[in-house]
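The model shown is predicted, which means the values in this text are computed figures rather than measured ones.
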2 protein chains.
Amino acid sequence: MDDTAMLRRFNRTYTQRIGVLEESFLGTGRPLGVSRLLFEIGPDGAGVRELRDRLGLDSGYLTRLLRRLDRDGLVRVAEDPADRRRRLATLTATGRRAWRELDQRSEELAERLVAPLTARQRARLTDALATADLLVRAATIELREVPPTDPTAVAAAGRYFAELDRRFPGGFDPGRPDHAGTFLLATSDGRPVAYGGVRELDDDLLGVAEIKRMWVDEAWRGAGLGARMLRELEALARRLGHDRVVLDTNGTLTEAIAMYARAGYRPIARYNDNPYAEAWFEKDLS
Amino acid sequence: MDDTAMLRRFNRTYTQRIGVLEESFLGTGRPLGVSRLLFEIGPDGAGVRELRDRLGLDSGYLTRLLRRLDRDGLVRVAEDPADRRRRLATLTATGRRAWRELDQRSEELAERLVAPLTARQRARLTDALATADLLVRAATIELREVPPTDPTAVAAAGRYFAELDRRFPGGFDPGRPDHAGTFLLATSDGRPVAYGGVRELDDDLLGVAEIKRMWVDEAWRGAGLGARMLRELEALARRLGHDRVVLDTNGTLTEAIAMYARAGYRPIARYNDNPYAEAWFEKDLS
DNA sequence: AGATATCTCTGACTAAGGTCAGAGAATGGA
DNA sequence: TCCATTCTCTGACCTTAGTCAGAGATATCT
């Protein structure tokens with residue numbers, strides 16, 4: 001059975017048999033959408049804007065759902081002191097009780113589902129689901145162009161600089177902020193997992209772009225994400241009208257150097273005066 | 001992470017990211033429910049009763065959905081010649097075209113989903129999903145009491161007899177139909193995967209029941225299904241007021257004998273005149 | 001300071017997705 | 001042959017889930 005056939009087969013099995021886990025929220029006297037919202041707010045509360053994104057709801061619709069929860073005494077909605085356009089939803093004591101009930105229902109259903117399995121089978125299932133979970137997350141990472149001032153992009157760049165500082169023998173000083181270039185950000189669940197940019201070389205090397213600040217979250221390394229980011233950056237450079245890319249790197253970043261080699265990059269002579277650079281590479285995009 | 005936690009985590013990941021596979025039916029100008037029904041009818045057609053079970057719909061609602069498909073010229077509903085209360089739905093030429101379109105959309109979505117993965121990752125995902133699929137199916141097998149005349153039960157008994165005939169050196173003759181006893185049938189997707197019965201011994205052995213016709217589909221062996229069936233039959237015998245069970249078997253059924261031993265059965269002397277029996281076992285239910 | 005964008009809320013509107021009770025035809029079992 | 005059951009269909013009714021346009025308050029950019 002090929003990849004998509006297996007995925008589709010599993011999808012059928014899944015929606016028929018585990019799909020009910022979702023509907024465990026039914027039968028609580030509240031419609032599914034309302035229960036889902038209640039559960040999503042959670043014991044710690046959540047911003048209305050954030051809920052809108054997480055559940056993919058229309059803002060007017062969400063307002064009404066929240067008002068229903070408020071009327072039932074489960075949720076309080078208050079102004080966000082940090083930004084008075086925004087509002088924050090938190091559970092009341094009754095709301096927390098209802099939340100726990102939902103959580104418990106869901107837990108019970110999950111237990112009932114694995115109950116007929118032997119201990120060994122359960123372990124195998126857990127293992128298979130962990131693998132599938134990781135790969136599905138990897139497959140659905142979102143890659144998008146961002147301005148380098150985007151808060152999530154800034155966070156990603158910060159983690160990149162911090163790692164350089166940790167790994168370079170003499171540390172690393174990013175100098176003053178440099179926002180030149182076009183940047184790609186990969187996120188999973190809203191958190192940055194990879195980052196990188198392309199910028200035009202300002203000197204006489206026309207048609208040549210430089211790849212800069214390539215970074216992949218430690219937890220995601222070895223999952224092909226770096227190679228994917230590199231491919232996307234090359235495609236971006238091509239769209240921007242370049243037909244060659246260059247990059248520099250430091251000798252301590254061995255896994256990065258290996259990846260550049262695998263991706264078809266060739267070593268070249270120093271083309272800049274970056275004091276941290278120890279190796280320079282290029283690749284033709286034609 | 002324990003079993004239920006992993007299951008619930010996966011459930012979240014899955015519904016958020018692959019749930020869209022389901023909604024691939026949207027955007028075809030028809031509401032989701034109608035498209036799902038169209039897809040379920042399939043190129044070979046389907047009985048209305050069967051559709052009702054598979055999709056879990058109210059009969060009135062289903063009638064209306066079918067009428068809509070009929071009005072759109074996608075489906076014809078006709079009387080079932082075998083039972084004129086029932087009706088059969090089949091796709092028209094236009095309906096088959098619409099079905100292929102849905103199938104293709106679903107295929108495309110699946111492809112787009114695995115596209116960002118490397119070949120190795122895809123193989124791992126397919127593997128993990130195959131394992132999860134098998135185990136989820138195993139976990140959701142339905143076990144229920146059936147009269148021995150139930151068509152599915154008859155089919156299961158037939159496969160049991162056929163196997164005995166294949167494996168016994170001198171073949172096997174079931175003799176005239178014997179419907180004494182209470183039977184359990186395990187089904188997956190409506191097809192029999194395990195079968196077995198309990199009957200009171202008619203002679204002087206009061207309080208003793210016999211387990212008979214224990215059978216597990218070849219494809220499902222080694223999945224703990226036999227042991228589960230045995231446990232359920234013992235529980236059934238207990239409910240029927242017995243406190244000891246006995247059974248007979250043939251020496252060629254080695255894996256069955258091993259399973260009885262694992263389940264705590266002890267060999268005893270011949271207690272019947274079954275010409276095929278070569279070994280006899282018992283177990284106390286107290 | 002002014003323009004622009006973001007966020008929430010309101011009102012008006014709609015389709016989708018059901019549920020329920022009962023009728024009528026056909027079938028199966030005693 | 002009669003009775004209970006099964007299956008489909010109809011009519012009446014309802015909630016859920018959602019869309020859209022625009023107003024008003026606040027924040028951000030230049």
By ring pair (Phe, Tyr, Trp, His ring centres under 6.0 Å), which residues pair with W220(A), not counting sequence neighbours?
none
If a protein heavy atom is under 4.0 Å from the base, mark B; if only from the sugar-phosphate, S; if neither, -; do that for nucleotides 23-28 of chain D going 5' to 3'.
---BS-
In plain terms, say whether R49(A) and D53(A) are close enough for a salt bridge, that is, a side-chain N and a carboxylate O under 4.0 Å apart.
yes
Ion pair present between E40(A) and R12(B), side-chain N to carboxylate O less than 4.0 angstrom?
yes
So, are R67(B) and D70(B) salt-bridged, with charged N and O less than 4.0 Å apart?
no
In terms of relative ring orientation, are F39(B) and W99(B) parallel, tilted or perpendicular, with 30° and 60° separating the classes?
parallel
Should R228(B) and E232(B) count as side-chain neighbours, where that means a heavy-atom distance under 4.5 Å?
yes
Tell me the interatomic distance from L69(B), atom CG, to dT8(D), atom P, rounded to whole angstroms.
16 Å
Side chain to side chain contact (heavy atoms under 4.5 Å, CB included) test vs P192(A) passes for just one of T152(A), V146(A), D217(A), namely T152(A)
Separation of R52(A) atom CZ from dC7(C) atom C1', in whole Å?
7 Å
Whole-Å distance between dT8(D) C1' and L88(B) CG?
13 Å
Is R86(B) near enough to dT27(C) that one of its side-chain N or O atoms lies under 4.0 angstrom from OP1 or OP2?
no
Any idea how Y14(B) and F10(A) line up, ring-wise: parallel (<30°), tilted (30 to 60°), or perpendicular (>60°)?
perpendicular
Between dG11(C) (C1') and L62(A) (CG): distance, integer Å:
17 Å
Would you tabulate the nitrogen or oxygen pairs shorter than 3.5 Å linking the protein to nucleotides 14-18 of chain D?
unit_1, atom_1, unit_2, atom_2, d
dA17(D), OP1, G33(A), N, 3.3

Whole-Å distance between dT5(D) C1' and R49(B) CZ?
12 Å
Expressed as a whole number of angstroms, how long is the span from E50(A):CD to dT8(C):P?
11 Å
